[in-house]
Amino acid sequence: QVQLVESGGGLVQAGDSLRLSCAVSGLTFSSYAMAWFRQAPGKEREFVSVVAAFSRSGINTYYADSVKGRFTISRDNTKNTVYLQMNSLKPEDTAVYYCAADRGGPFLRGRMERMSEYDYWGQGTQVTVSS
């Protein structure tokens, strides 16, 4: 059974940092691009960031404009885990954060931003940023 399990969410103050983790099992982790999406109350789920499955000579990550410069995505293929380091958190970052896995296809921003491209999803972890 494929499982994606997020952890690391919590309640923090504006300006603080959190690191989210997504532990993956049941698939060949290194073959999948791994992404983070988030969904705030009453709003649509939105793309946050993605990291490519394999090392590439070109672009390996994409970020939403709203988090660029504050968030960093990374992966550890020895641990089958993808991370999202979130710094300088803002109240508008408050959301449930989901990780997702996609195998194959061109690593293009437009494609990787579409939820429908992803094969597997985690259950989400809550991030709340107070002011």
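For reference, positions follow the sequence shown, starting with 1.
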Between Glu46 and Gln39, a side-chain donor and acceptor under 3.5 Å: no
Among Asp93, Thr94, Thr125, the one residue meeting side chain to side chain donor-acceptor pair (under 3.5 Å) with Arg38: Asp93
Rounded distance [0.5 Å steps], CD in Glu6 versus SG in Cys22: 5.0 Å
From Leu84 atom CG to Ser49 atom OG, the distance as rounded to the nearest 0.5 Å: 6.5 Å
Point-to-point distance, once rounded to the nearest 0.5 Å, from CE of Met34 to SG of Cys99: 5.0 Å
Hydrophobic cluster identity match, Met115 and Met112, side-chain contacts under 4.5 Å: yes
Side chain to side chain, Thr61 and Val50, heavy atoms closer than 4.5 Å: no
Shared hydrophobic cluster, Val67 / Trp36 (ILVMFWY, side-chain heavy atoms < 4.5 Å): yes
Separation between CG of Leu89 and OG of Ser130, rounded to the nearest 0.5 Å: 10.5 Å
Sub-4.5 Å side-chain heavy-atom contact between Glu92 and Val129: no
Working for side chain to side chain contact (heavy atoms under 4.5 Å, CB included), residues Val24 and Thr81: CA-CA 6 Å; Val24 180; Thr81 301; over 6 Å; no
Min side-chain heavy-atom separation Glu113-Phe37 under 4.5 Å: no
Nearest-0.5 Å distance, OG of residue Ser21 to NZ of residue Lys79: 9.0 Å
Phe29-Ile73 co-clustered via ILVMFWY side chain contacts under 4.5 Å: yes
Ser30 side chain to Asn77 backbone, donor-acceptor under 3.5 Å: no
Using distance only, find each side-chain donor-acceptor pair of residues 10-20 under 3.5 Å and give its atom names and separation, not counting sequence neighbours.
residue, atom, partner, partner atom, Å
Asp16, OD2, Gln13, N, 3.2
Ser17, OG, Asn87, OD1, 2.9

Geometric cation-pi criterion Arg103 and Tyr120, 6.0 Å radius, 45° cone: no
Same apolar cluster: Val82 and Met86, side chain cutoff 4.5 Å: yes
Euclidean distance, Tyr32 OH relative to Arg75 CZ, rounded to 0.5 Å: 11.5 Å
Check: Phe107 main-chain N/O paired with Arg111 side-chain donor or acceptor under 3.5 Å: no
ring-ring contact (aromatic ring centres under 6.0 Å, His included) pairs, two or more places apart, involving residues 69-105: none
Whether over 12 other heavy atoms sit under 6.0 Å from Lys43 NZ: no
is_close_aromatic(Tyr63, Phe47), centroid dist under 6.0 Å: no
